[in-house]
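When reading the values below, keep in mind they use all heavy atoms of this one structure, side chains included, and skip hydrogens, waters and symmetry mates. Here is the naming used below: chain letters follow the sequence lines, and residue numbers restart at 1 for every chain.
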2 protein chains.
Amino acid sequence: MSQRRQLSLNFFVYPGGHHEAAWRYKGTDISRLNDIAYYQDLAKRAEAATIDSLFFADGPVLADNIRYAARYRVEPITWLAAIGAVTSHIGLIATASTTYNEPYNLARLFASLDHLSGGRAGWNIVTTSQAAASQNFGLAEHPVHAERYERSREFVEVVTKLWDSWEDEAVVADQASGLFADTARIHPIEHVGKHFRVKGALNAPRTPQGRPVYVQAGSSEDGRSFAAHYAEAIFTAHQTLGSAQAFYADIKARASALGRRPEHIKVLPGLSPFIGSTEAEAKALEDEFNELIQPEYSLHQLLRMTGIDLSGYDLDGPFPRHLLDIDGTIGAASRFQLIVGILDRENPTIRQLINRLAGGRGHFVLAGTPERIADEIQQWFENGAADGFNIMPPWLTGGFDAFADEVVPLLRRRSLFRTEYRGRTLRDHYGLPRPDSRFAGDHLRASA
Amino acid sequence: MSQRRQLSLNFFVYPGGHHEAAWRYKGTDISRLNDIAYYQDLAKRAEAATIDSLFFADGPVLADNIRYAARYRVEPITWLAAIGAVTSHIGLIATASTTYNEPYNLARLFASLDHLSGGRAGWNIVTTSQAAASQNFGLAEHPVHAERYERSREFVEVVTKLWDSWEDEAVVADQASGLFADTARIHPIEHVGKHFRVKGALNAPRTPQGRPVYVQAGSSEDGRSFAAHYAEAIFTAHQTLGSAQAFYADIKARASALGRRPEHIKVLPGLSPFIGSTEAEAKALEDEFNELIQPEYSLHQLLRMTGIDLSGYDLDGPFPRHLLDIDGTIGAASRFQLIVGILDRENPTIRQLINRLAGGRGHFVLAGTPERIADEIQQWFENGAADGFNIMPPWLTGGFDAFADEVVPLLRRRSLFRTEYRGRTLRDHYGLPRPDSRFAGDHLRASA
Ligand SMILES: Cc1cc2nc3c(=O)[nH]c(=O)nc-3n(C[C@H](O)[C@H](O)[C@H](O)COP(=O)(O)O)c2cc1C
Ligand SMILES: Cc1cc2nc3c(=O)[nH]c(=O)nc-3n(C[C@H](O)[C@H](O)[C@H](O)COP(=O)(O)O)c2cc1C
């Protein structure tokens, strides 16, 4: 009997929770935001709920609105290494920038995460949308969007070669003969490109998954094209079923056109659920959060995401549409479009817009009963909008617990979500194949 | 009653063990060299023996003699993060290069390690001696020794400022008022130097230790000068008491001249102990390892360390002294001098020299009974040669167990080594103060 297609569910962990005022909520334990045990505990709960993976965002710069919210960063790779040590199955996805790293260093960090977790590493490949990051790396300015993606492609090519550079059988470790490694199966990569010159090989054996899972999270034209080539899971922000369906169809078609199997790219929109035992209770909870918003923060956030500066405008006045007449590709291009969509559909005041974005920075925020949330998930899943979701709890830990305790059981009852892990690696959870090394067999060809 | 001056003991972890043929020894479990649980288990044993810290070496390049020995790298920062998750006291020292990293990225990784371990991080600051590393980072050539140290100094200045950039009290987290961080206590560092331009601030709060412990491991003139300025612990290789004494006196004098307190720099020579219940048994054990040596490997190793190429020479012939007439500062300058010292004192054949170096790549190898080893440690400790040792077990895990089970109890009985940890941080174990942020109080001065 063939198994029903299964949902993939990630847990996107954000210090305190995703709602921008989460840290002010009475239910949030703000004293533990920098305490690894707090995250380890969340990871164990997520593992008990058979969630596919934990996901950490990242950026190598301090948010300039730190005054108003818990927007500092834990460094995700180290953090996930420490989380991996106390869990056994859940996937560990760290975001890292191709603009502000060296491929050799990053290849090592992720290979190590994959080794130490027994094959649970994923890399969310970003180009870094925050322009201010450039100032921490001696650059005169942040490279423009297209340039960032260009570098990103070459970066991924390089790390992929590095991860492939040891064939699976390279380590012989024959104590008697003294042959430790079969050097015919370790390949210098000799990469020479526009951005990088990397000789290789990597200085560690091939990892349990062959390569970490490639995750991507930019939805602009460049982002989609990149994703269709490289991504195995895509995080994306959509406010409506229609928008998600269009994105889903586009990505799968692009991947097919490149000769990839569409089911090997999981499309995972963000979803921030406010859960109540009635619709009214759920809405009241969302309102409670929105009352804690600080507009100074929200306007900063909007500026950072889109380049639109609303300071000085009346919060209860209309959104000044002439401000949209800028280059929306400076920051996160797809987020800019998403905001234009909200303006077109809802014509909100500035305050309404910032409330609208506060829950998930543009991701889908849904207040409802567990049934309503499970219904929506099922609808998107069964109607070509999603292969699963990136769950973004409004606050932690309660916002995650509510999802795990009340929504996950419904999804299981509907046979949409696993009741136990069937494998050990993140590739297993996502149903992705373990890639062969591109160099596999080369030594046979050479000696033939 | 004032406490007797205490030894510092680190455990330098090398996959399989330090003897170059360790992986071929019957007692070495080579199937686990890439298994984090193996290292976590070692860490727990070391913690049970109240060892000050674990130390991992590193280099961003594959050793070209991997054919003959287990000389690949585990990435130390991630590895120690996963080890930190299952231990509570032992220090976690990772090596990282100032030549092949960006200060902002490295500052984040170490800050994170310090946070997640509750203040147990140390950074072994190296400039990378392996020239081939340059080819993994797009450089035409490995920067020369003096240039590497020059960059290294600026690098340390930058990361120090980043670690200082959040004052201890910067996080306010007042849920009621909505003030998360007191931005007057978060300082952009605005560094502009020859090698780096870094605006800052760091994107995470000040760490438990204020700054990770600064460790250093180069003993050339440049290395010593660097260490006198910045190091809080120094790993160094010495073959004789006299050489260690001279180094010790020199370093402490240099530090004093710079206004530092000499007891705030721990000098920790490497020691690789072969332990037997009689001297004869210990020597026989060392011989057993030396019989497993593969000269091809050893000659490679010597070439890498010193630039001296002995291939083609008769192993049982004399060392060709005219080869010493090269620039010994290309690789590890102090290791070159150390080898010259052995040649001068012992006039060994090539085979005798490689056997001499096989145990610890130039570090002090001592075969003897537990008493003999404890005596030697005590002698160095009490005669101005060492503040402790970097213990380099010839093989793992047995080589460490023998030290922990047989030598540590003797040192404790002599009141030279703790029986329990007195603090939680690596600074506590080493008796080092927690530094203030250089910016502490700036906001008061500014508003005065
Ligand atoms: C769920 C999600 C998470 C993201 N996380 C990050 C992140 O952690 N760091 C980052 O620099 N960009 C992040 N992004 C943004 C993109 O990955 C991308 O680098 C940027 O937005 C430009 O993409 P685009 O212009 O193609 O949309 C995220 C996007 C999404 C949808
Ligand atoms: C115990 C010890 C460990 C060392 N570990 C490393 C290492 O892991 N990586 C590295 O590049 N250099 C390492 N070194 C070498 C130095 O730190 C330094 O980068 C290089 O040898 C040049 O130093 P020198 O010329 O000042 O001696 C180590 C040295 C010692 C004594």
For A/L33, is there any backbone N or O sitting under 3.5 Å from a side-chain donor or acceptor partner on A/Y39?
yes
For A/A96, does its backbone N or O pair with a side-chain atom of A/W123 as donor and acceptor, under 3.5 Å?
yes
Side chain / backbone / both / neither for B/S134 at chain A, heavy atoms under 4.5 Å:
neither
Do you know which of A/N101, A/N105, A/N136, A/I36 has the most heavy-atom pairs with chain B at a distance under 4.5 angstrom?
A/N136
Whether A/R120 side chain and A/I90 backbone form a donor-acceptor pair below 3.5 Å:
yes
Would you mind checking which part of B/L162 comes under 4.5 Å of any heavy atom in chain A, side chain (CB onward), backbone (N, CA, C, O), both or neither?
neither
Please check: side-chain N/O of B/E169 versus main-chain N/O of B/R185, any donor-acceptor pairing under 3.5 Å?
no
Look at the side chain of B/W166 and the backbone N and O of B/A204, then say whether any donor-acceptor pair between them is shorter than 3.5 Å.
yes
Side chain of A/R151, backbone of A/T98: donor and acceptor closer than 3.5 Å?
yes
Part of A/A176 lying under 4.5 Å from any heavy atom of chain B:
backbone
Between B/E20 and B/I293 (side chain of the first, backbone of the second, donor and acceptor by atom type, cut-off under 3.5 Å), is there such a pair?
no
Identify which part of B/D174 has an atom lying under 4.5 Å from any heavy atom of chain A, answering side chain, backbone, both or neither.
backbone
Do you know which of A/V171, A/V198, A/L116, A/V192 has the most heavy-atom pairs under 4.5 Å to chain B?
A/L116
Heavy atoms only, distances under 4.5 angstrom: which of A/L109, A/V74, A/I77 has the most pairs with chain B? Name it, please.
A/L109
What's the separation between atom OG in A/S298 and atom CG in A/N65, rounded to the nearest 0.5 Å?
9.0 Å
Pick one of side chain, backbone, both or neither for B/Y25, based on which atoms fall under 4.5 Å of a heavy atom in chain A.
backbone
Option that, when pairs with chain B are counted at under 4.5 Å, heavy atom only, ranks first among A/T28, A/V61, A/L113, A/T183:
A/V61
What part of B/A111 lies closer than 4.5 angstrom to a heavy atom of chain A: side chain, backbone, both or neither?
neither
Of B/G84, B/G200, B/A201, the largest count of non-hydrogen pairs under 4.5 angstrom with chain A goes to B/G200
Per-residue tally against chain A (heavy atom, under 4.5 Å) across B/R71, B/E102, B/H115 peaks at B/H115
So, the part of B/L62 with a heavy atom under 4.5 Å from chain A: the answer is both
Among B/Y68, B/F137, B/Y100, which residue has the highest count of heavy-atom pairs closer than 4.5 Å to chain A?
B/F137
Measure from the side-chain N and O atoms of B/S165 to the backbone N and O of B/L202, and report whether any donor-acceptor pair falls under 3.5 Å.
yes
Side chain to side chain donor-acceptor pair (under 3.5 Å), paired with A/K161, selected from A/E190, A/H191, A/H187:
A/H191
Any idea which of B/A181, B/G178, B/A173 has the most non-hydrogen atom pairs under 4.5 angstrom with chain A?
B/G178
Using non-hydrogen atoms and a 4.5 Å limit, figure out which bit of A/P208 sits close to chain B: side chain, backbone, both or neither.
neither
Comparing A/Y72, A/W23, A/F196, A/Y297 against chain B, the one with the most heavy-atom pairs below 4.5 Å turns out to be A/W23
Partner chain A: residue of B/A63, B/G59, B/A37, B/A21 with the largest heavy-atom pair count (under 4.5 Å):
B/G59
Toward chain A, the part of B/Q135 with a non-hydrogen atom under 4.5 Å:
both
Could you check which of A/K26, A/R197, A/R67 has the highest count of heavy-atom pairs closer than 4.5 Å to chain B?
A/R67
Residue part contacting chain A, namely of B/A69, when any heavy atom lies under 4.5 Å
backbone
Under a 3.5 Å distance rule, please check whether A/D114 uses its side chain to pair with a backbone N or O of A/A121 as donor and acceptor.
yes
Return the option, out of B/Q294, B/H195, B/Q40, with the maximum number of heavy-atom pairs under 4.5 Å with chain A.
B/Q294
State plainly whether the residues B/D58 and A/R108 are in salt-bridge range, i.e. N to O under 4.0 Å.
yes
Just by modelled atom types, is the A/S112 backbone N or O under 3.5 Å from a matching donor or acceptor in the B/W79 side chain?
no
